[in-house]
2 protein chains.
Amino acid sequence: MPTTDQLYSISEVAAQTGLTAHTLRYYERAGLMLEPVDRASSSHRRYSARDVGWIQFLTKLRSTSLPIARIRDYAELARQGDGTSADRLELLQRHRIAVAAQLEDIQASLAAIDYKISIYSERISPA
Amino acid sequence: MPTTDQLYSISEVAAQTGLTAHTLRYYERAGLMLEPVDRASSSHRRYSARDVGWIQFLTKLRSTSLPIARIRDYAELARQGDGTSADRLELLQRHRIAVAAQLEDIQASLAAIDYKISIYSERISPA
DNA sequence: CTAGAACTTTGAGTGCGCTCCAGGTCAAAC
DNA sequence: GTTTGACCTGGAGCGCACTCAAAGTTCTAG
């Protein structure tokens with residue numbers, strides 16, 4: 001008994017995810033969806049709450065620079081069923097490590113930028 | 001009296017910065033250098049310590065996703081002299097804010113990824 | 001003196017992630 | 001019944017940041 005069986009149009013999903021309808025279609029073509037998106041009234045997409053949840057998660061993978069090809073790998077594993085959980089976990093764990101490194105790198109760069117800003121600030125309006 | 005007046009070849013600078021020689025030439029063509037790079041023995045580039053320092057800083061700008069066009073803007077201002085300090089400061093401050101937002105976004109995504117990892121971990125080897 | 005490595009230039013090519021276009025379908029509103 | 005607007009498809013196009021190719025020059029080692 002699913003809690004929500006509401007279906008959403010592509011523009012609704014775009015609004016919910018911050019993606020464009022173009023991008024949603026592109027992701028689908030790129031093989032990123034876990035299962036085929038439902039269609040209604042001959043051809044219009046109808047996204048389930050599950051679909052939307054997955055899209056929201058995959059945008060988090062994207063925003064941490066996981067390439068689309070890797071997300072496709074993940075989706076393919078998921079489509080193959082429960083037997084691939086360990087592989088999916090490993091993929092996520094690998095990515096986790098990369099993201100942590102990414103964060104440190106950005107933080108270090110931010111520190112350098114802040115330092116430069118402090119120098120400019122002093123030069124412009126010395127204490 | 002400069003502390004260091006040593007000069008570096010392009011491959012030395014590549015080694016020091018983690019960029020390739022290709023990329024160093026590309027950056028120069030793109031107008032990112034603060035001043036023309038010295039040349040030695042008819043045509044080979046000779047980078048000063050100042051040049052290297054700037055390249056190191058600009059890679060920090062790049063690693064925080066500041067587009068090359070914006071770095072060129074910054075370099076152009078710098079080439080115009082001291083009168084542009086305030087503009088350069090503003091550019092850096094604007095970027096600083098973007099980087100902070102970027103960091104928060106990545107951290108939020110990382111939290112979501114960690115959550116997913118925790119779910120997989122439990123499923124695979126329940127406590 | 002010569003071989004090979006390192007460098008030079010201009011301009012083309014690549015990979016990624018969208019982004020858009022053209023031409024068509026469909027459903028609801030008037 | 002036609003107009004409007006959201007949606008569909010396949011494929012082309014774009015912007016960014018490199019990355020490389022080709023052909024030539026110069027430095028370094030033996």
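We name chains A, B, ... by the order of the sequence lines, and we start the count at 1 in each one. Computed from a prediction, not measured in an experiment: that's the story for all the values here.
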Side chain of A:His22 - closest among C:dC20, C:dC7, D:dA17:
C:dC20
What I want to find out is whether A:Arg70 reaches A:Glu90 closely enough, with some N-O distance under 4.0 Å, to be called a salt bridge.
no
Atom pair distance, as rounded to whole Å: CG in B:Leu61 and P in D:dA17
13 Å
Taking only the side-chain nitrogens and oxygens of A:Ser43, find out if one of them lies under 4.0 Å from OP1 or OP2 of C:dC26.
no
Check whether any side-chain nitrogen or oxygen of B:Arg45 sits under 4.0 Å from OP1 or OP2 of C:dC7, and answer yes or no.
no
Using atom CD1 of B:Ile10 as one end and atom C1' of C:dT9 as the other, report the distance to the nearest whole Å.
12 Å
Using a strict heavy-atom distance below 4.0 Å, which residues from residues 94-108 of chain B are in contact with DNA chain D?
none
Considering every strand and a 4.0 Å limit on heavy-atom distances, what is the contact class for B:Arg29: base, sugar-phosphate, or nothing?
base
Has A:Thr20 got a side-chain N or O lying under 4.0 Å from the OP1 or OP2 atom of C:dC18?
no
Using whole Å, report how far CZ of A:Arg46 lies from P of C:dA27.
11 Å
Quick one: is B:Arg39 getting a side-chain N or O under 4.0 Å of the C:dT9 phosphate, OP1 or OP2?
yes
So, the side chain of A:Gln102 versus the backbone of A:Thr64: is there a donor-acceptor pair under 3.5 Å, distance only?
yes
Verify the neighbour count for atom CZ of B:Arg94: are there more than 12 heavy atoms of other residues, nucleotides or ligands below 6.0 Å?
no
Whole angstrom value for the distance that separates P of C:dC7 from OH of B:Tyr8
15 Å
Between the two ends of the helix from C:dC1-D:dG30 to C:dC30-D:dG1, what is the bend in degrees, rounded to 10 degrees, where each end axis spans five pairs?
0°
For B:Arg96, is there an ion pair with A:Asp114 - N to carboxylate O distance below 4.0 angstrom?
yes
Hey, is the side chain of A:Arg72 poking within less than 4.0 Å of OP1 or OP2 on C:dG17, counting only N and O atoms?
no
Whole-Å gap separating P (C:dT25) and NE2 (A:His44):
12 Å
If two hydrophobic side chains count as joined below 4.5 Å and joins carry through other members, does B:Ile113 share a cluster with A:Leu58?
yes
Report yes or no: do B:Asp87 and B:Thr84 form a side-chain donor-acceptor pair below 3.5 Å?
no
Does C:dC7 have its OP1 or OP2 closer than 4.0 Å to a side-chain nitrogen or oxygen of B:Ser9?
yes
Shared hydrophobic cluster, A:Leu66 / B:Ile106 (ILVMFWY, side-chain heavy atoms < 4.5 Å)
no
Side chains of B:Thr20 and B:Thr23: any donor to acceptor distance under 3.5 Å?
yes
Crowded around B:Arg50 CZ? As in, over 12 foreign heavy atoms under 6.0 Å?
no
I need the CD-C1' distance between B:Glu12 and C:dC7, as an integer number of Å.
13 Å
Using atom OH of A:Tyr26 as one end and atom P of D:dG11 as the other, report the distance to the nearest whole Å.
16 Å
Looking at A:Arg25, does any N or O in its side chain come under 4.0 Å of the phosphate oxygens OP1/OP2 on C:dC20?
no
Are A:Arg88 and B:Tyr120 close enough that a side-chain donor and a side-chain acceptor fall under 3.5 Å?
yes
In this structure, how many angstroms lie between the P atom of D:dT19 and the CD1 atom of B:Ile68, rounded?
10 Å
Does C:dC18 have OP1 or OP2 sitting under 4.0 Å from an N or O in the side chain of A:Tyr27?
yes
